[in-house]
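Have a look at the structure below before the remarks.
Counting convention: from 1, in listed order, for ligands and their atoms alike.
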Amino acid sequence: MASSKTLLVVGSGPGIGRAVTTLFASTRYTNIVLIARRAESLAQEQAAVEAASPLATVKTYGVDITDAAAVSKALDDADAAFGKPECVFYNAARVLPSAFFEHDVQEIEYDFEINVSALYLLAQRYIPHLVALARSANNKPALLVTSSALPLHPIPQLFALSLVKAAQRNLVQSLNLTYAPSGVHVGVINVAGAVSPDEPERNPTNIAAKTWEWFEEGREFEVVI
Ligand SMILES: NC(=O)c1ccc[n+]([C@@H]2O[C@H](COP(=O)([O-])OP(=O)(O)OC[C@H]3O[C@@H](n4cnc5c(N)ncnc54)[C@H](OP(=O)(O)O)[C@@H]3O)[C@@H](O)[C@H]2O)c1
């Protein structure tokens with residue numbers, strides 16, 4: 001098992017996911033675990049990390065984060081290869097329109113599973129390890145979750161994502177209140193608007209830079225970008 005630091009990314013994709021992962025990989029982590037549903041796009045994400053950080057070792061798992069059995073199997077494999085992560089970056093979500101009342105309730109439940117239930121299971125798996133890591137000053141144990149303005153400012157055309165993001169933020173706040181005193185950085189990256197490479201502030205590169213700055217500085221609950 002390698003002794004170098006591991007970053008686990010849930011929701012690896014070409015936008016915020018890639019920008020944060022490549023920056024974090026080039027600054028602190030040499031073992032990178034990427035999870036997303038589509039194996040073909042994971043190959044691109046792996047290539048992007050390897051290009052940005054030639055010393056990184058990357059493992060990818062094409063699983064749906066809501067498939068608890070498949071996720072558990074994948075993470076057992078990753079943990080055995082790399083050791084448990086020092087940083088969990090939870091970025092998975094579907095930015096999908098949801099119109100009243102055409103939107104199927106099962107779609108709301110799936111979004112809840114992606115954003116809340118699966119995050120809860122991941123926290124259950126790794127928070128005890130992160131608390132243990134916090135006992136050494138050399139470590140920077142963290143659970144960082146990509147959020148948005150939707151919890152406080154829902155968009156009716158995105159009501160399903162809005163409500164699950166509200167629940168997710170609430171869960172992360174409870175985790176923060178419980179585990180931040182033990183030295184675990186539990187917080188949200190509040191991307192307060194649409195992301196695009198053309199946005200002066202909310203482009204993936206700047207979001208990643210601001211996220212790293214916030215993460216490096218201390219253990220504040222939130223960064224707003
Ligand atoms: N895009 C925006 O305008 C925006 C604005 C504010 C906040 N955010 C937040 O930013 C985060 C995403 O960033 P992004 O939009 O730039 O996307 P991204 O980082 O490019 O990719 C996120 C990846 O998550 C994966 N994913 C989705 N559902 C999943 C599931 N059930 N299991 C495993 N992986 C899953 C998707 O890959 P697969 O399809 O292969 O699974 C997707 O490529 C989300 O939390 C979102 O709420 C986005």
Provide, to 0.1 Å, the distance between atom 21 (O) of ligand 1 and the closest protein heavy atom, together with that atom's residue and name. G13 CA, 3.3 Å
Considering only NZ, NE, NH1 and NH2 on the basic side and carboxylate oxygens on the acidic side, decide whether E201 and K210 come within less than 4.0 Å. yes
So which protein heavy atom does atom 38 (P) of ligand 1 come closest to, and at what separation? R38 NE, 3.4 Å
Could you list which atoms of ligand 1 come closer than 4.0 Å to a heavy atom of D64? 30 (C), 31 (N), 32 (N)
With a sphere of 6.0 Å drawn around OH of Y179, does it hold more than 12 non-hydrogen atoms of other residues, nucleotides or ligands? no
Non-hydrogen atom of Y90 closer than 4.0 Å to ligand 1: no
Considering the heavy atoms of I114, write down every atom of ligand 1 situated less than 4.0 Å from one of them. 31 (N)
Measuring from non-hydrogen atoms of K165 to any atom of ligand 1, is the shortest distance under 4.0 Å? yes
L42 touching ligand 1 at heavy-atom level, < 4.0 angstrom: no
Close approach, A192 and ligand 1, non-hydrogen under 4.0 angstrom: no
Atom CD of E220 with >12 non-hydrogen neighbours under 6.0 angstrom: no
Between the candidates I65, T21, V195, which shows the shortest non-hydrogen contact distance to atom 32 (N) of ligand 1? I65
Of the protein's non-hydrogen atoms, which lies at the shortest distance from atom 16 (O) of ligand 1, and what is that distance? I16 N, 2.8 Å
Nearest-neighbour protein heavy atom for atom 25 (C) of ligand 1, which is reported as residue plus atom name and distance: G11 CA, 3.7 Å
Enumerate the atoms of ligand 1 whose separation from the nearest heavy atom of A194 is less than 4.0 angstrom. 3 (O)
Options E199, R94, R37, ranked by nearest heavy atom to atom 27 (C) of ligand 1, top entry: R37
Students should be able to answer this: which protein heavy-atom is nearest to atom 20 (O) of ligand 1, and at what distance? G15 N, 2.6 Å
Output the list of atoms in ligand 1 that are nearer than 4.0 Å to some heavy atom of Y110, sorted by atom number. 31 (N)
V63 and ligand 1 - part of the residue with a heavy-atom distance under 4.0 Å: backbone
Ligand 1 atoms in contact with S147 (distance to a heavy atom under 4.0 Å): 7 (C)
For atom 17 (O) of ligand 1, what's the nearest protein heavy-atom neighbour? Residue, atom name and distance, please. N91 ND2, 4.3 Å
Are any side-chain N or O atoms of H185 and backbone N or O atoms of L144, one a donor and one an acceptor, separated by less than 3.5 Å? no
For V191, counting its heavy atoms only, list the atoms of ligand 1 lying under 4.0 Å from any of them. 6 (C), 7 (C)
From the candidates A36, S12, G17, A70, the one that places a heavy atom nearest atom 42 (C) of ligand 1: S12
Interfacing atoms of ligand 1 (cut-off 4.0 Å, heavy-atom, G193): 5 (C), 6 (C)
Identify the protein heavy atom lying closest to atom 46 (C) of ligand 1, giving its residue, its atom name and the separation to 0.1 Å. A93 CB, 3.9 Å
Counting only N and O atoms by type, is there a donor-acceptor contact under 3.5 Å from the side chain of N115 to the main-chain atoms of F112? no
Within a radius of less than 6.0 Å around CD of Q124, do more than 12 heavy atoms belonging to other residues, nucleotides or ligands occur? yes
How are the rings of F159 and F100 set relative to one another: parallel (under 30°), tilted (30 to 60°) or perpendicular (over 60°)? parallel
Measure from the side-chain N and O atoms of D64 to the backbone N and O of T66, and report whether any donor-acceptor pair falls under 3.5 Å. yes
Check whether NZ of the Lys or CZ of the Arg K84 lies under 6.0 Å from the centre of the six-membered ring of Y126 and within 45 degrees of that ring's axis. no
When clusters are formed by joining ILVMFWY residues with side-chain heavy atoms under 4.5 Å apart, either directly or through shared neighbours, do V33 and Y90 land in the same one? yes
So which heavy atom in the protein is nearest atom 9 (C) of ligand 1, and how far is it from that ligand atom? T146 CG2, 3.7 Å
Sub-3.5 Å donor-acceptor pair from the side chain of S12 to the main-chain atoms of A36, do we have one? no
Nearest 0.5 angstrom please: T60 OG1 to Q44 CD, how far? 12.0 Å
Given S148, A149, A92, which has its nearest heavy atom closest to atom 26 (N) of ligand 1? A92
Evaluate the side-chain contact (heavy atoms from CB on, under 4.5 Å) criterion for residues R169 and E222: first the C-alpha distance (whole Å), next the side-chain angles of each, then the deciding distance (0.1 Å), finally the verdict. CA-CA 10 Å; R169 184 185 166 98; E222 177 170 26; 2.9 Å; yes
Which atoms of ligand 1 are found less than 4.0 Å from any heavy atom of P14? 20 (O)
Would you say S53's side chain and E50's backbone share a donor-acceptor pair under 3.5 angstrom? no
Hey, are K59 and D79 close enough for a salt bridge, meaning a charged N less than 4.0 Å from a carboxylate O? no
